[in-house]
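Scroll down for the structure; my scribbles are underneath it.
Quantities reported herein were computed from a predicted structural model and do not represent experimental measurements. These values consider heavy atoms only, across backbone and side chains, with no hydrogens, waters or symmetry-generated copies.
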Amino acid sequence: MLEEEYQLDYFKEQGMVRKICRSCGSAFWTRDSAREICGDAPCEPYNFIGEPVFKTHNLDTMREAYLSFFEKQGHTRIERYPVAARWRDDIYLTIASIADFQPFVTSGIVPPPANPLTISQPCIRLNDLDSVGRSGRHLTTFEMMAHHAFNTPSEEIYWKDRTVELCDQFIASIGGDLNKVTFKESPWIGGGNAGPSVEVLIGGLEIATLVFMSLGRKKTDQPGYDLKGEMYYPMKLRIVDTGYGLERLVWASKGSPTIYDAVFPEMVSHVMGAAGLSHMLDNKDYTRILSLNAKFAGLMDISGTNLFQLRKKVAAAIDISPEKLDRIITPMEKVYATVDHTRCLAYMLGDCIVPSNVREGYLARLVIRRTLRMLTDLRIDEPLADLIEQQTRIIGMKKFEQDISVVREIAERETEKYASTLERGTRIVQKIAKTYKAKSQRVPLSEIITLYDSHGIQPEMIKDIATKEGAVVDLPDNFYSMVADMHSESKKEAEVDTKAKYDERVQGLPPTKKLYYEQSSDIEFEAVVLDFFDGYAVTDQTLFYPEGGGQPADTGTMVSAESMVRVDDVIKVGEVILHHISGGILQRGDRVKGMVDEERRWSLMRHHTATHIILHAAKEVLGAHIHQAGAQKGAESSRMDLRHFKHITPDELRRIETAANRLIMANQQVEISTEDRTRAEQKYGFSLYQGGVPPGRDLRIVKVAGDIEACAGTHCRSTGEVGVIKIIRVEHIQDGIERIEFTAGIAAIYYMQHLEQIVTSSAEALSVQPDNLPATVNRFFSEWKDQKKEIERMSSKVVELEMQSLVAESMDGISVVIKRVDLPQKELAQLASSVSENGGIALLAGVGETVRVVLASGDSRVNAGEIIGQVCSLLGGKGGGKPTMAQGGGPDVGQIDLALKVGRERIIAALQE
RNA sequence: GGGCUCGUAGAUCAGGGGUAGAUCGUCACGUUUGCAACGUGAAGGCCACGGGUUCAAAUCCCGUCGAGUCCA
């Protein structure tokens with residue numbers, strides 16, 4: 001990035017100078033002309049530890065200081081967004097304040113909720129999970145405080161100078177000494193955008209980043225910049241994207257040894273107490289160790305083997321052995337990590353993430369299990385649910401949507417679930433360890449990878465258990481990266497966006513007037529064809545609903561003066577609606593009469609309205625946390641996926657169905673209005689976005705029976721028009737997601753008639769009244785089982801009887817039975833083996849549809865497996881088995897006597913060898 | 001969204017083409033004042049479901065359903 005980007009008037013007015021760091025060579029601005037170091041790690045240590053650089057604040061007071069400062073400076077305060085980024089499909093968790101405004105606001109499609117604005121956004125980043133607790137500064141959850149300004153060609157809010165000035169003023173307002181502040185030039189690239197940026201440093205700590213997002217990947221007529229091999233071009237929209245670390249500011253204001261002691265002191269001392277560690281912060285030696293540890297950690301990246309390096313350095317500085325240091329500090333690190341993780345979970349679960357094995361649910365489970373392991377290591381009995389609840393109380397109950405009792409239940413269920421996984425894992429490992437011990441081999445790496453990958457057993461745990469069993473396990477240092485390598489082999493195919501290719505064609509066309517919203521019960525309209533290409537007709541207005549929001553497109557016909565065509569698909573590209581037609585063509589300028597297939601449209605509207613009703617009913621029955629995780633409406637049936645942490649029981653399902661139908665019978669008006677996005681979000685909350693986040697300045701708000709959503713679909717005018725809802729089934733799609741399949745209106749009637757038909761025909765088949773069907777079926781099944789057993793008893797009787805009638809001949813002192821016995825294979829085998837058990841030999845053949853042959857040998861000279869093959873080949877079949885017992889058969893019934901004769905000869909021959 | 005593992009008796013699991021097994025639990029009888037323990041015996045299996053391959057499938061192949069787990 002060009003140097004002149006940083007030549008701000010503000011810097012110059014303030015008498016600041018641009019210097020080059022003696023240590024790292026980066027450029028930075030400072031008021032202190034004697035300064036030679038940029039102020040960033042690793043060039044400068046954390047010298048604020050023990051020497052706070054701001055007036056003391058806790059999280060709440062610092063946040064308020066920040067937000068109210070920027071409010072006074074003309075910014076509008078915006079409520080935080082959830083930590084689960086449900087409005088985005090590229091990330092699961094909110095990772096920065098700017099993430100709230102991506103992609104619609106930052107791309108200029110949607111205006112920001114306010115401009116300029118200020119916000120304190122809780123963010124979760126799990127990429128440095130290993131460092132949390134150890135480094136003294138890493139957190140999974142932090143609040144990114146920000147002031148954002150969105151500059152357009154027509155409206156300039158403020159840009160670099162004012163941003164830096166505001167930053168200075170804020171730092172001064174919390175007691176920071178501006179002479180100690182440095183601004184380090186640090187060009188920023190990320191997520192397809194780029195721009196100049198400065199890091200704001202004080203006391204060795206980076207407390208904020210001021211990003212001036214002004215470049216994008218999209219080519220414009222202005223000259224571009226080559227940044228790390230990619231071209232970036234100036235954008236129309238220039239965004240001030242700042243990020244101030246709330247926790248870091250609090251840390252710097254307290255100067256405590258670690259960030260953890262600064263931001264959640266109550267929880268740290270609580271967890272230390274629970275772990276039986278005396279509160280070490282009262283002990284000066286411990287504080288010194290912690291401070292040193294944090295200072296050194298600040299200077300290095302401590303992932304993997306670097307941890308040992310850190311220990312060595314700190315140990316050398318305080319003159320104890322690294323091992324002793326490790327014993328002192330490891331429990332502390334686990335306490336810190338536990339406190340951090342439980343806070344993270346308070347946010348995750350409080351913001352309605354349901355733990356599961358996919359998507360953000362997996363991330364929640366990952367954190368839960370890490371925490372449970374640490375609680376075990378620290379020998380803390382206190383339930384995870386209690387710790388999360390305390391964190392929730394500290395943050396503030398009111399900040400969360402999810403009910404605390406549900407959060408607790410989820411935590412308890414997850415704890416149990418993990419316990420049973422561990423139990424199962426232990427058994428599997430013991431088994432495998434025994435196997436390899438018996439073979440006196442080491443447990444191979446492939447087994448360990450399978451155990452981890454498929455059963456979720458941590459390698460360290462495998463080693464512990466296997467060692468107890470006496471088996472040898474080698475664990476490579478790079479175990480996890482080996483597993484990762486294995487996974488990276490599978491690649492994703494890029495999705496082809498069919499709509500994208502019409503983008504340009506459509507740009508010259510006016511937005512299509514959407515009649516289906518105003519006149520949702522009409523089916524006929526007139527329009528003028530504005531364009532026709534690729535089988536798609538664009539008209540000035542339409543009643544045809546385009547595919548969207550899980551609702552399929554309408555179908556119907558269009559009639560012009562010359563032709564009549566079928567409309568078989570309708571899509572929306574931007575604000576223009578494209579009708580795909582077949583059976584003819586239309587021309588630009590044609591006047592057409594459109595007719596929507598009435599029954600289909602009504603069915604879709606009923607199903608769509610029913611989706612809202614069921615969602616509301618499910619909330620009533622299952623709890624306020626119920627969220628839609630996806631939905632597909634159809635003309636015959638529809639389905640809706642719900643986020644829920646346990647199986648929906650048949651009884652709950654019936655209650656949902658009943659509640660839904662009561663809502664229909666209440667026949668309330670469906671209210672549809674257009675409201676300002678920001679106001680709607682504040683009024684109704686983010687539960688508006690059940691089916692994703694629609695773009696645009698305004699939202700179309702649909703209220704159905706107490707359910708309020710931003711929804712673009714077509715709906716009935718009142719709940720009564722839905723007619724009836726019949727739930728077909730509930731399926732468990734994944735951990736944490738239940739799918740309800742249902743049908744509405746006439747389709748529901750057809751479905752119930754179909755069910756009735758099934759019952760009637762089943763009852764007829766058994767000649768009973770439908771009411772008696774369950775009892776009769778049960779009776780039949782148990783009778784069938786009884787008879788099966790009876791047959792078994794009988795056949796063993798038959799075997800016994802046959803045994804008595806078998807005449808054994810003696811060959812070479814061995815009793816041999818060769819006979820045709822017409823019994824099924826199983827009985828023949830029983831019969832034969834009872835002969836061979838006494839050292840004899842039995843060759844038995846029975847005729848059913850084909851010939852079945854069994855040869856059992858109690859004499860080592862006679863190999864049953866070899867002889868049976870020759871016998872069976874005479875019968876036109878094959879056979880085989882073990883030396884002691886062989887079975888086979890063939891289709892040539894007529895050859896049975898010959899086959900037995902040959903068998904006899906072979907047995908005699910074998911005995912004489 | 002992708003990968004992997006697993007579905008066998010009430011529970012936990014062996015068996016991995018050739019007669020369905022073990023341990024615990026249950027029941028009965030015996031020993032015992034009673035319990036525990038022990039002994040003897042019994043009951044208990046659509047080997048998840050549906051196809052296919054084979055003379056023969058719990059076992060191999062394909063699909064479905066269910067459970068678990070790793071990763072993005």
Under 4.0 Å, heavy atoms only, any strand: does [X] hit a base, just the sugar-phosphate, or nothing?
X        : value
A/Tyr92  : base
A/Lys826 : sugar-phosphate
A/Thr421 : sugar-phosphate
A/Gly890 : nothing
A/Gly877 : nothing

If we take the [atom1] atom in both [N] and [M], what is their distance in whole Å?
N      : M      : atom1 : value
B/rG2  : B/rG45 : C1'   : 37 Å
B/rG25 : B/rA11 : P     : 15 Å
B/rU59 : B/rA72 : C1'   : 36 Å
B/rC13 : B/rU69 : P     : 14 Å
B/rG44 : B/rA28 : P     : 16 Å
B/rA9  : B/rA20 : P     : 16 Å
B/rA43 : B/rC6  : C1'   : 29 Å
B/rU64 : B/rA22 : C1'   : 32 Å

Closest to the [X] side chain, choosing from [options]:
X        : options                : answer
A/Met885 : B/rU19, B/rC70, B/rU12 : B/rU19
A/Tyr452 : B/rC70, B/rU12, B/rU19 : B/rC70
A/Gln887 : B/rU12, B/rU5, B/rU19  : B/rU19
A/Ser454 : B/rC55, B/rG18, B/rG68 : B/rG68
A/Lys878 : B/rC55, B/rG18, B/rC70 : B/rC55
A/Arg424 : B/rG18, B/rG68, B/rU12 : B/rG68

Between [Y] and [X], is there a side-chain heavy-atom distance shorter than 4.5 Å?
X        : Y        : value
A/Leu93  : A/Leu126 : yes
A/Ile91  : A/Gln102 : no
A/Leu874 : A/Ile896 : no
A/Gln628 : A/Met640 : yes
A/Thr421 : A/Arg369 : yes
A/Ser857 : A/Ile841 : yes

Separation of [X] atom [atom1] from [N] atom [atom2], in whole Å?
X        : N      : atom1 : atom2 : result
A/Gln825 : B/rU54 : CD    : P     : 17 Å
A/Leu831 : B/rG18 : CG    : P     : 21 Å
A/Ile432 : B/rC13 : CD1   : P     : 12 Å
A/His455 : B/rG3  : NE2   : P     : 18 Å
A/Glu738 : B/rG66 : CD    : P     : 10 Å
A/Leu451 : B/rG3  : CG    : C1'   : 16 Å
A/Gln830 : B/rG18 : CD    : C1'   : 14 Å
A/Gln430 : B/rC13 : CD    : P     : 11 Å

**Message:** Check this one for me: any side-chain N or O of A/Arg852 less than 4.0 Å away from OP1 or OP2 of B/rC55?
**Reply:**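 For B/rC55, neither OP1 nor OP2 has a side-chain N or O of A/Arg852 closer than 4.0 Å.
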**Request:** Report yes if a side-chain nitrogen or oxygen of A/Arg365 is closer than 4.0 Å to either non-bridging phosphate oxygen (OP1 or OP2) of B/rC70; otherwise report no.
**Result:**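 It does not, given that no N or O in the side chain of A/Arg365 lies less than 4.0 Å from OP1 or OP2 of B/rC70.
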**Item:** Which residue lies more 5' along RNA chain B, comparing A/Gly888 with A/Leu363 via nearest heavy atoms
**Value:**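 Between the two, 5'-proximity favours A/Gly888.
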**Residue whose nearest RNA chain B nucleotide is more 5′ - A/Ala886 or A/Ile428** =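 Result of the comparison: A/Ile428.
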**Message:** Given A/Arg852, which partner from the list A/Glu827, A/Gln887, A/Gln825 fulfils the side chain to side chain donor-acceptor pair (under 3.5 Å) test?
**Reply:**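 Answer to the side chain to side chain donor-acceptor pair (under 3.5 Å) test with A/Arg852 among A/Glu827, A/Gln887, A/Gln825: A/Gln825.
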**Message:** Show, in sequence, the C-alpha distance, side-chain angles and deciding distance for A/Leu129 and A/Leu366, and conclude whether the side chain to side chain contact (heavy atoms under 4.5 Å, CB included) test is met.
**Reply:** CA-CA 10 Å; A/Leu129 212 46; A/Leu366 182 81; 3.8 Å; yes
**Message:** Tell me which pairs pass salt bridge (charged side-chain N to carboxylate O under 4.0 Å, His left out) where either residue lies in residues 882-906 of chain A, with sequence neighbours left out.
**Reply:**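 Salt bridge (charged side-chain N to carboxylate O under 4.0 Å, His left out) check on residues 882-906 of chain A returns A/Glu809-A/Arg904.
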**Asked** Taking atom types as they are modelled, is there a donor-acceptor pair under 3.5 Å from the base of B/rU19 to the side chain of A/Ser833?
**Response**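 By the distance-only test, yes, there is a pair.
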**Prompt:** Is it true that A/Arg373 and A/Glu460 make a salt bridge, defined as a side-chain N closer than 4.0 Å to a carboxylate O?
**Reply:**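 Salt bridge flag = no for A/Glu460 with A/Arg373.
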**Message:** Which heavy atom of A/Ile462 sits nearest to which heavy atom of A/Val429, and what is that distance?
**Reply:**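 Closest heavy-atom pair between A/Ile462 and A/Val429: O-CG1, 3.9 Å.
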**Request:** Convert the base pairs of RNA chain B into dot-bracket notation, remembering that pairs crossing earlier ones are written with [ ] and that bases paired across to another strand are shown as |; include only Watson-Crick or G-U pairs under 3.5 Å.
**Result:** (((((((..((((....[..)))).(((((.......))))).....(((((..]....)))))))))))).
**Message:** Could you check whether atom CZ of A/Arg861 has more than 12 heavy atoms from other residues, nucleotides or ligands sitting under 6.0 Å from it?
**Reply:**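 Above 12, so yes.
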Write out a two-atom table: protein N or O, nucleotide N or O from nucleotides 42-45 of chain B, distance below 3.5 Å.
{"unit_1": "B/rG44", "atom_1": "OP1", "unit_2": "A/Lys789", "atom_2": "NZ", "d": "2.9"}

